Amino acid sequence: MSTPHKIVVIGGGYAGALAANHLRMRSDVHITLVNPRPQFVDRIRLHQYVAGTGEATADYGTLLGEGVELVVDSAARIDTGARQVRLESGRALDYDYVIYAVGSTGAIPASVPGVAEFAYDLAEWESAQRLRAGLAEVPSDASVTVVGGGLTGIETAAELAEQGRRVTLVCGQALAPTFSASSRRYIASWLSRHGVEVLEGVAVSEVRQGGVVLTDGAVRPSGLTVWATGFGVPQLAVASGLRTDELGRLLTDETLTSIDDDRIVAAGDAAAPSGRALRMSCYAAGPLGARAADTVLSRIAGTEPELINVRFTGACVSIGRHAGIRQFARKDDTPVNFFIGGRPGAAIKEATCKLAMGRIRREARKPGSYVYVKGAPRSVEPALV
């Protein structure tokens with residue numbers, strides 16, 4: 001009997017969990033999923049968890065297919081010479097292939113004093129727990145400042161406003177900059193009707209205990225400050241001596257294979273194909289997870305892996321529990337002047353959230369069943385360093 005191919009998937013988010021299930025298309029593989037938490041974090045619902053309007057975790061027992069071994073630990077380093085993933089606990093996992101799906105983290109800028117000390121972020125489960133606890137400690141009429149005019153900031157501000165909080169949303173440049181002008185007007189109108197003060201063209205230059213300082217010099221009281229601007233990535237690739245982009249995402253070719261080691265394949269937010277990463281999103285995580293798994297399966301079979309071919313169709317944002325927007329976009333992810341808003345938009349967003357989890361569960365039941373909207377392979381000039 002042949003020895004099973006050992007595949008270690010690092011990271012159990014949308015990309016990693018789907019990749020682990022997809023790998024089960026072959027019976028001669030041993031799949032180990034390494035994740036720092038014993039439960040799956042449904043990150044696109046963290047704003048609901050923070051506001052107390054929903055849950056954001058799931059049992060891996062309901063998500064992973066038979067034969068996927070879950071190891072609750074953190075990867076400290078990938079030893080490419082020994083072909084081992086070394087864990088924080090001291091344990092080492094042998095591998096034939098690694099799927100690098102470590103995801104993303106919050107981005108706390110060192111250039112803005114006070115963020116690390118006095119602000120809360122909600123990019124990860126632990127930080128969302130701290131934020132929820134922090135909200136419980138401040139009076140219900142205390143001012144809340146949400147920093148960041150992107151989708152995370154909008155969803156958080158809207159959820160808190162519906163709970164009766166006094167919210168200011170500081171956008172930096174513009175509200176919802178990746179959406180069309182008509183969508184932005186809709187969001188701005190909803191926020192205004194629900195008492196959210198939206199500040200565009202100004203950013204936060206300092207966070208203090210009990211207040212924020214804006215770049216125009218204004219000092220504003222803030223009983224609690226939420227930092228929702230951008231994402232970072234874990235530095236595992238850097239620690240492992242693998243080449244990365246400036247943010248720390250693993251540099252790969254268009255098959256998602258590391259440019260340094262063809263036994264390491266990346267997926268999700270921490271992948272930088274040709275030095276030009278796709279939008280960090282749940283939307284891209286699933287297709288990239290499936291594509292990464294297919295690349296590994298191709299290499300085991302001795303066939304040529306396909307190039308990534310994810311086609312974007314737009315994005316969704318919830319605006320409280322009863323409104324939302326489905327923004328449509330061109331295949332290059334630039335928005336068109338068409339969206340579905342209001343309750344229909346909210347229904348589409350909710351269906352999209354459920355679909356993300358449902359597809360992982362379906363892949364657990366039937367490996368290879370995952371489908372996504374495909375386009376042509378990207379035309380990119382490699383920007384590898």
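What you are looking at is a predicted structure, and each value in this text was computed from that prediction instead of being measured. Residue numbers run from 1 in the order of the sequence given.
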Taking [Y]'s backbone N and O only, do any of them form a donor-acceptor pair with [X]'s side chain (distance below 3.5 Å, no angle check)?
X	Y	result
D216	V202	no
Y14	S281	no
D269	G103	no
E197	L191	no
E69	L33	no
T156	G153	no
Q327	P335	no
T255	L307	no
N21	I360	yes
R24	E66	yes

When you look at CD of E117, are more than 12 heavy atoms from neighbouring residues, nucleotides or ligands closer to it than 6.0 Å?
yes
NZ/NE/NH1/NH2 to OD/OE distance under 4.0 Å, [X] and [Y]:
X	Y	result
D260	R243	yes
R365	E363	no
D94	R83	no
R132	E137	no
R37	E124	yes
E162	R321	no

Between [atom1] on residue [X] and [atom2] on residue [Y], distance to nearest 0.5 Å:
X	Y	atom1	atom2	answer
R86	I78	CZ	CD1	12.0 Å
E306	I308	CD	CD1	12.0 Å
E55	L46	CD	CG	11.0 Å
C171	E200	SG	CD	5.0 Å
I348	C353	CD1	SG	12.0 Å
L224	Y120	CG	OH	5.5 Å

Are a donor atom and an acceptor atom from the side chains of [X] and [Y] found within less than 3.5 Å of each other?
X	Y	answer
T57	Q39	no
D42	Y49	no
H47	S318	yes
Q163	R165	no
S189	S192	no
T145	R220	no

Hey, any chance [X] and [Y] share a hydrophobic cluster, counting ILVMFWY side chains that come within less than 4.5 Å of each other, even indirectly?
X	Y	value
V167	I319	yes
I325	V198	yes
F231	L151	no
V98	V34	yes
V310	L18	yes

Kindly indicate, with the supporting measurements, whether the criterion side chain to side chain contact (heavy atoms under 4.5 Å, CB included) is fulfilled by L23 and M25.
CA-CA 5 Å; L23 288 166; M25 291 176 67; over 6 Å; no
Output field: ring centroids F339/Y186 closer than 6.0 Å
yes
What side-chain hydrogen bond (donor to acceptor under 3.5 Å, both in side chains) pairs are there with at least one residue in residues 287-298, not counting sequence neighbours?
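Of all non-adjacent pairs touching residues 287-298, those that pass side-chain hydrogen bond (donor to acceptor under 3.5 Å, both in side chains) are H22-D294.
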Is there a side-chain contact between [X] and [Y], using heavy atoms and a 4.5 Å cut-off?
X	Y	value
P273	L256	yes
N35	V72	no
P234	T105	yes
F328	N337	no
V317	K349	no

Go through T80 and I264 one step at a time and tell me if the side chain to side chain contact (heavy atoms under 4.5 Å, CB included) criterion holds.
CA-CA 9 Å; T80 57; I264 300 176; 3.7 Å; yes
Test side chain to side chain donor-acceptor pair (under 3.5 Å) applied to T178 and R279, step by step
CA-CA 11 Å; T178 60; R279 168 163 53 94; over 6 Å; no
Mind running side chain to side chain donor-acceptor pair (under 3.5 Å) on T225 and W227 for me, showing each step along the way?
CA-CA 7 Å; T225 301; W227 200 264; over 6 Å; no
Verdict with reasoning, Y372 to N309, per side chain to side chain donor-acceptor pair (under 3.5 Å):
CA-CA 10 Å; Y372 59 93; N309 56 356; 2.9 Å; yes
Given side chain to side chain contact (heavy atoms under 4.5 Å, CB included), test T252 with T257 step by step and report yes or no.
CA-CA 5 Å; T252 75; T257 303; 5.6 Å; no
With sequence neighbours excluded, residues passing ring-ring contact (aromatic ring centres under 6.0 Å, His included) with F312
Y283
Take D121 and S127 through the side chain to side chain donor-acceptor pair (under 3.5 Å) test and state the conclusion after the steps.
CA-CA 6 Å; D121 78 89; S127 56; 3.1 Å; yes
Measure from NZ or CZ of R263 to the centre of the six-membered ring of Y97, then state whether that distance is under 6.0 Å and the direction lies within 45° of the axis.
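Output yes; distance and angle both within limits.
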Could you tell me whether R362 sits above the aromatic face of Y370, with NZ or CZ closer than 6.0 angstrom to the six-membered ring centre and within 45 degrees of the axis?
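Ring-cation test returns no.
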Evaluate the salt bridge (Lys or Arg N to Asp or Glu O under 4.0 Å) criterion for residues R26 and D28: first the C-alpha distance (whole Å), next the side-chain angles of each, then the deciding distance (0.1 Å), finally the verdict.
CA-CA 6 Å; R26 286 187 71 109; D28 60 343; 2.8 Å; yes
Could you work out, with side chain to side chain contact (heavy atoms under 4.5 Å, CB included) as the rule, every residue matching A237, not counting sequence neighbours?
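Scan of A237 (side chain to side chain contact (heavy atoms under 4.5 Å, CB included), adjacent residues dropped) gives Y100, L242, T244, L250.
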Could you go through V147 and V226, starting from their C-alpha distance and side-chain angles, then the distance that decides it, and tell me whether this counts as side chain to side chain contact (heavy atoms under 4.5 Å, CB included)?
CA-CA 6 Å; V147 184; V226 182; over 6 Å; no
Positive for salt bridge (Lys or Arg N to Asp or Glu O under 4.0 Å) with R45, one of E159, E350, E155:
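In the set E159, E350, E155, the residue that makes a salt bridge (Lys or Arg N to Asp or Glu O under 4.0 Å) with R45 is E350.
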